[in-house]
Protein chains: 2
Amino acid sequence: MEDIEAEGRLLDAAEVLFYGHGVQAVGMDRIRAASGVSLKRLYQCFASKEELVEAYLRRRDRRWRGALATRVAAEQSAADRPLAVFDWLEEWFGEPDFRGCAFLNAFGEMGAGSAAVADAVRDHKAEVRGYLLGLVRDAGAADPEALADQLAVIVDGAITTAAVTGAPGAAGRARSAAAVVLAAAGVTGGNTEGRERSRGKRNRATG
Amino acid sequence: MEDIEAEGRLLDAAEVLFYGHGVQAVGMDRIRAASGVSLKRLYQCFASKEELVEAYLRRRDRRWRGALATRVAAEQSAADRPLAVFDWLEEWFGEPDFRGCAFLNAFGEMGAGSAAVADAVRDHKAEVRGYLLGLVRDAGAADPEALADQLAVIVDGAITTAAVTGAPGAAGRARSAAAVVLAAAGVTGGNTEGRERSRGKRNRATG
DNA sequence: TATCGTAGAGAACGAACGTTCTCTCCGCTA
DNA sequence: TAGCGGAGAGAACGTTCGTTCTCTACGATA
C-alpha cells in the first residue's frame, strides 16, 4: 500500500470515527482496524494522535467549505446566495450521521489542551466567515463586514441547535433570522421570506 | 464531613475541572484531589463518573440561568430585556475562565455515548429557549415562538463564536443581529441600536 | 477500657490508552 | 539459492483510566 493511499484511508476512518464518537472516545487502534492500515504505517504518516486529529480537521474544512460553495454557487443571483447557505445547512442537518460541527466538538474536547487543534478550528471559522463576507459583498450589502459577522454567528447557532435538538428545522429558523438581517442590510433576494421554501422546488433554478 | 458538604465540594471541583479542561481529560482522581473528598465518599455521592457529569451540568444549568435572569430582570423596561441578554453574555465572555458553552462542549464529547448527558444538554437548551420566549412575549413581540427560536440560535452562535475567537466582541455582533430581528418583530426598546453601548454606561439604569 | 461502626488514605484492579518493538514474511538483487 | 530491506501483524511498554478493596485510625457507646 502506498503512503498516499494509506493516508487517505486513515483520514477516512478518522473522520467517520472522530466525528461520530468524539476524539477522545476513539483510540488509535480503532482507527487502525477501520482503515486496514498497520499501526506502524499509521505512525509513519502521522507522528501522533494530535497530528492525525489536526489533519482530519484540516481536510474536513476543505471538503465542508467546498460542498457549501458548490451548492451556493448554483444559485444564479448573487442576492440569493447568502440565504442558500441555510438551504445547504438544512440538507446537511438531515443526514443521518450529522452530529454538529466537527470543529466546535473538537474545540470543546481538546481546545484547552492542544494548540494545534485550537488553531485548526480558528482557521476554519475564519475561512467560513471570509466566505460569507464574499457572498454579502457580492450581494451588495451596506456593511459587508458587520453583516458577515452576524451571519457567521447565525450559522454557528444553527449548527449547534440542530445538533442538540436532532432536528433539521433549526436551519429554517436560522434562515428566517438571516433573511431579516440581510434585508436590514439592503440585500433582498428573490425569496427572502423563506420558510415555505420547503413545500416545493425553489422558484429559481437550483440545478 | 457531611454528605451535603461533600457533594457541594465535589460539584465545585467538577465544574472548574470539567469546564476548564473537558470531561474526558479530567480523571476522577483529579476531582478527589481538588475537592479534598475521599474516593470512597465520592462514589457514595455519585455512583459513576457519568452521574457526576450529569449533576455538574444540571447544577450549572440552574446557576447559569439564574445569573442571566438576575441580570436581565434589572432592566426596567420589558422591551429592553431581550437585548440585555447579550450584555450579560458579553460580561460572561470577558471572564478569564470562559471556555464556551459547558453544555455544548459536553454534548460534543459525550452526547453520542451518554444519553443522560445528552438529555441534560437538551433540557438546558430547552429551558433557555423557554426563558427567551417569556422575554419576547412580555415585550409584545408579534410572533413570540418564532422570535424565541431566532434569538436562541443567535445566543448559541454568540457563545461558540466567542469561545473560538477568544474575544468577547462576538456578543456585540450577536446583539446587533438580535436587535434587527427584534425590531422586525415589533420589539423596539430604548436602545435597540446597541453597538455604541460599550462606549459608556447604558442610558437606562442598570443597577 | 474494650468494642464497634464508620471514614479516610491510598493501594490495587482490570481495562484501555498512545506509542514502540519484535517477529515473521515477502519481493528484490547477486 | 542466499541475503537483504521493508512492510504488516500484533505483542508489549508504561501510563492512566474508572472503580473497588484493604488497612488503619478514631469517636461513640457500654
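For the numbers below, each heavy atom of this structure counts, side chains included, while hydrogens, waters and symmetry mates do not.
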Checklist outcome for this item: Between CG of B:Leu42 and C1' of C:dG8 the distance, given in whole Å, is 13 Å
Checklist entry - Between A:Leu10 (CG) and C:dT19 (P), how many Å, whole number? => result 14 Å
Checklist entry - Has A:Lys40 got a side-chain N or O lying under 4.0 Å from the OP1 or OP2 atom of D:dA7? => result no
Checklist entry - Considering all heavy atoms of both residues, which atom of B:Leu17 and which atom of B:Ala34 are nearest to each other, and what is their separation? => result CD1-CB, 3.9 Å
Item to check | Proximity to the side chain of B:Lys49 - top-ranked nucleotide from D:dA9, D:dC17, C:dG8 | outcome: D:dC17
Checklist outcome for this item: Side-chain contact check for A:Tyr43: nearest option of D:dT19, C:dT19, C:dA7 is C:dT19
Item to check | Whole-Å gap separating C1' (D:dT19) and CD1 (B:Ile31) | outcome: 14 Å
Checklist outcome for this item: Nearest-nucleotide check on DNA chain C, B:Gln44 vs A:Gly27; residue mapping nearer the 5' end is B:Gln44
Item to check | Integer-rounded Å distance: D:dT16 C1' and B:Met28 CE | outcome: 14 Å
Next on the checklist: In this structure, how many angstroms lie between the C1' atom of C:dG8 and the CZ atom of B:Arg32, rounded?
Outcome noted: 11 Å
Next on the checklist: Using whole Å, what does the distance between atom C1' of nucleotide C:dA11 and atom CG of B:Asp29 come to?
Outcome noted: 11 Å
Checklist entry - Salt bridge check: are A:Arg58 and A:Asp61 linked by an N-O gap of less than 4.0 Å? => result no
Checklist entry - Taking 4.0 angstrom as the limit, do B:Arg122 and B:Asp119 come out as a salt bridge? => result yes
Checklist entry - Which nucleotide, C:dA9, D:dG8, D:dT19, lies nearest any side-chain atom of B:Ser48? => result D:dT19
Checklist entry - B:Glu109 CD to D:dC17 P: how many Å, rounded? => result 14 Å
Checklist entry - Can you check the B:Arg9 CZ to C:dG8 C1' distance for me, whole Å? => result 12 Å
Item to check | Within 45° cone and under 6.0 Å: B:Arg60 NZ/CZ vs B:Tyr19 ring | outcome: yes
Next on the checklist: To the closest 0.5 Å, what do you measure between CD1 (A:Ile154) and CG (A:Asp149)?
Outcome noted: 11.0 Å
Item to check | Nearest-nucleotide 5' precedence on DNA chain C, A:Ala25 against A:Leu39 | outcome: A:Ala25
